[in-house]
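Below is one structure, written out as structure tokens, with a few remarks after it.
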Amino acid sequence: MLWTDIDAIAIELLEAHPEVNPLAVNFVDLRNWVMAWPGFDDDPARCGEKILEAIQGAWIEELEELYFFLGARLRESARLLKPHDDGPD
């Protein structure tokens, strides 16, 4: 994985740190987390603030998509569990 694999990095971050708010992560920690992955193989010097901002933005987008998906699933489950009115008795 390279610094330019922004979307793949975002997905890895979401899976590795599901409890973390991406907006609360400083760029030093973000950079260190990415560089520590076994599949990461890029020059640390190629990473700058713009790359880290892009990774953070993609991570936020992935998280929003997950929340949207889970919200839709919860609404559907609630609809299925809701008692149905079969009309007048």
Side-chain angles (χ1 to χ4, degrees):
M1 189 176 302
L2 305 174
W3 288 115
T4 54
D5 296 326
I6 304 293
D7 292 329
I9 292 172
I11 292 168
E12 289 287 334
L13 286 164
L14 184 60
E15 292 174 358
H17 304 283
E19 75 291 350
V20 173
N21 176 352
L23 293 172
V25 177
N26 66 59
F27 284 167
V28 173
D29 289 340
L30 180 58
R31 184 176 185 269
N32 290 337
W33 287 350
V34 173
M35 289 191 319
W37 287 332
F40 185 77
D41 187 31
D42 203 351
D43 182 359
R46 293 179 43 125
C47 175
E49 189 172 342
K50 288 187 180 210
I51 292 282
L52 294 170
E53 285 174 353
I55 292 169
Q56 184 185 45
W59 186 7
I60 291 167
E61 287 179 18
E62 289 294 330
L63 189 58
E64 288 172 347
E65 287 179 22
L66 178 62
Y67 286 159
F68 179 80
F69 172 77
L70 292 175
R73 293 294 303 252
L74 287 172
R75 286 189 297 279
E76 179 64 15
S77 295
R79 186 187 68 76
L80 292 173
L81 294 173
K82 183 178 178 181
H84 296 284
D85 183 11
D86 294 333
D89 289 327

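Every value quoted in this text rests on a predicted model; they were computed, and no experiment measured them.
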Are Leu66 and Leu13 connected in the hydrophobic side-chain network, where two residues link if heavy atoms are under 4.5 Å apart? yes
Donor-acceptor contacts under 3.5 Å from residues 16-27 side chains, at least two apart:
from: Asn21; atom 1: OD1; to: Leu23; atom 2: N; distance (Å): 2.9
from: Asn26; atom 1: OD1; to: Val28; atom 2: N; distance (Å): 3.1
from: Asn26; atom 1: OD1; to: Asp29; atom 2: N; distance (Å): 2.7
from: Asn26; atom 1: ND2; to: Asp29; atom 2: OD2; distance (Å): 3.1

Is the backbone of Ala45 close enough, under 3.5 Å, to the side chain of Trp3 for a donor and an acceptor to pair up by distance? no
Would you check if Asp7 and Glu61 make a side-chain contact, meaning some heavy-atom pair closer than 4.5 Å? no
To the nearest 0.5 Å, atom CD1 of Ile6 lies from atom CD of Glu62 at 12.0 Å
Within the side chain of Arg31, is there an N or O that forms a donor-acceptor pair under 3.5 Å with the backbone of Pro44? yes
Rounded to the nearest 0.5 Å, what's the gap from OG1 on Thr4 to CD1 on Ile55? Could you check? 9.5 Å
Separation of Met35 CE from Leu30 CG (nearest 0.5 Å): 10.5 Å
If you measure from CD1 on Ile9 to CD1 on Ile51, what distance do you get to the nearest 0.5 Å? 8.0 Å
Quick check: closest heavy atoms across Asp41 and Leu2, and the distance to 0.1 Å? O-CD2, 3.2 Å
Considering only Ile, Leu, Val, Met, Phe, Trp and Tyr, and joining two whenever side-chain heavy atoms are under 4.5 Å apart, list the other residues clustered with Ile11. none
Do Val34 and Leu52 come close enough that some side-chain heavy atom pair is under 4.5 Å? no
Pairwise distance CG(Asp5) to CZ(Phe40) - rounded to 0.5 angstrom: 8.5 Å
